[in-house]
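Following: one structure in structure tokens, then a few remarks.
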Amino acid sequence: MFALLSRPTHAAWLTLAFAVSLAVAICHPANATSPAAVVASVQVVQIKNFAFVPAIVTVAPGTTVTWTNVDEDPHSVVANDKGFRSRALDTQDRYSFTFTKAGDYAYFCSLHPHMTGKIIVKPR
Amino acid sequence: MDERTSDRIDRRGMLQCMGWAGTGALYMMSGGIASSVTLDAALAATRPGARLAPVGSFSFLQISDSHVGFDKPANPDARATLREAVAKAKLLPVKPSFILHTGDISHLSKDAEFADADAIISEAGIPVFHVPGEHDMLDEGGGKAYLARYGKDTLGAGWYSFDHDGVHFVALVNVANLQPGGMGHLGDEQLTWLAKDLAGRSASTPIVVFAHIPLWTVYADWGWGTDDSTQALSLLRRFGSVTILNGHIHQIIQKVEGNISFHSARSTAYPQPAPGAAASPGPLRVATESLHGMLGIRTATVVPGREPIALIDAALG
Ligand SMILES: [Cu+2]
């Protein structure tokens, strides 16, 4: 589930994100009985060489996906249906979005629209 | 007293620009076929007969992809190289009538980037006509900052046309509302406008079209083309001389299709790899001493009645 990242700041950030989402899942009364809620998790996608890596990711509802641009060129993350949209991400900039509902979420880079990806959200 | 061969007249026009041109390649259009020779070879061939260009001719500059704000290893100071480009333009023996900037003025659409680009380019002391690149559409409003600064007297996302000494110039925007999985995009509204803009113009009117992304498919895998360019080109085919200038790919690539010639320009900021020559089209890192040879500006010389337009690409170093 976790992509390994070499930079300590990434690791620390991920740990924090995980802890926060876990805390939210545990503390929120509405989530207490929902099996999906305790799967609160994170997923990373790299934007590298003008591509989303991995391009297709399957996650459980409640997962926060974080995109990090490691290219020297700016990119963006924009849902085809405009349901989510980052600003332009310069080198090392990140964007996160939490997917709560099951479904297929196709997205692209609005600067380089040949760059496409998909998040598939489905219960485990 | 006039020399009658178009070859010599074209060269004469181009000689206006050769005093400052360094080691760039020179592009000549003759009979619809593009050919290139090095500037040194051209100078050697024509120096003895060099004369002034005929009255009524004019020249203009193309500057592209200045990416003001870019500070990555491929070029830590894109402002400095833009300054060098403008300094080079100021050394031209004949002052160009205006500049066409074919987009990616800024790197991240920040106000300070646009303002600095304008301040540097204004040093040339001639009017500037703009089209946006995708890097100029990155403000919250998705291009509102660009339009606020450059969009006066333009339509839609910033398209327009104007005439200069018998030549019709058309500025097209192919970086707005880009579609998932696609490339550059003009859109129906702009195509409808273009049809109206060209309707009724004589087929003998020389046309110059400028846009950011190439209007022919240079390399689809990298999105180097415009989805609906075929529709625009079909409107242009009846004209006897159509010159299409673009940026975006930070290198000189050209193609001729009947009376239409396509020319992509160098950037003033950083080079990009040849199509498919790298893992991605991202900034190409080259040795510091090689960088200036891969950046540059373009001069176009128009001689009335002598088509096509002669282009000279000159590197910064
Ligand atoms: Cu991109």
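Chain A is the first sequence line, chain B the second, and so forth, proteins listed ahead of strands; every chain is numbered from 1.
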**OP:** Find out whether B/Asp221 and A/Phe50 are in side-chain contact, i.e. whether some heavy atom of one side chain is under 4.5 Å from a heavy atom of the other.
**Re:** no
Original post:
Among A/Asp71, A/Thr116, A/Asn80, who wins on heavy-atom pairs under 4.5 Å with chain B?
Top reply: A/Asn80
Original post:
If you count the non-hydrogen atoms of other residues, nucleotides and ligands that lie under 6.0 Å from NZ in A/Lys82, is the total more than 12?
Top reply: yes
Subject >> Student check: side-chain heavy atoms of B/Phe70 and A/Glu72 closer than 4.5 Å >> reply: yes
Subject >> Winner by heavy-atom pair count (cut-off under 4.5 Å) against chain A, out of B/Ser280, B/Pro180, B/Gly133 >> reply: B/Pro180
**OP:** Below 4.5 Å from any heavy atom of chain A, which atoms of B/Ala278 appear? Answer side chain, backbone, both or neither.
**Re:** neither
Original post:
Do you know which two heavy atoms are closest between A/Asp73 and B/Tyr270, and how far apart they sit?
Top reply: OD1-OH, 3.3 Å
Original post:
Salt bridge or not for A/Asp90 and B/Lys72, using N-O below 4.0 Å?
Top reply: yes
Original post:
Near B/Glu189 CD, under 6.0 Å, is it more than 12 heavy atoms from other residues, nucleotides or ligands?
Top reply: no
**OP:** Answer yes or no: does atom CG of B/Asp188 have more than 12 heavy-atom neighbours from other residues, nucleotides or ligands under 6.0 Å?
**Re:** no
**OP:** Might you confirm whether atom CG of B/Asn177 has over 12 heavy atoms from other residues, nucleotides or ligands at distances under 6.0 Å?
**Re:** no
**OP:** Heavy-atom pairs under 4.5 Å with chain B are the metric here; pick the option from A/His114, A/Arg87, A/Lys48 that has the most.
**Re:** A/His114
Original post:
Where do A/Pro113 and B/Gly182 come nearest, in terms of heavy atoms and distance?
Top reply: CG-O, 3.4 Å
Original post:
Side chain, backbone, both or neither: which part of B/Leu108 has a heavy atom under 4.5 Å from chain A?
Top reply: side chain
Original post:
Under a 4.5 Å cut-off applied to non-hydrogen side-chain atoms, are A/Leu111 and B/Met137 in contact?
Top reply: no
Subject >> Contact leader toward chain A among B/Glu140, B/Met183, B/Glu134, B/His185, where contacts are heavy-atom pairs under 4.5 Å >> reply: B/Glu134
**OP:** Check whether A/Ser110 gets within reach of chain B through its side chain, its backbone, both or neither, counting any heavy atom under 4.5 Å.
**Re:** backbone
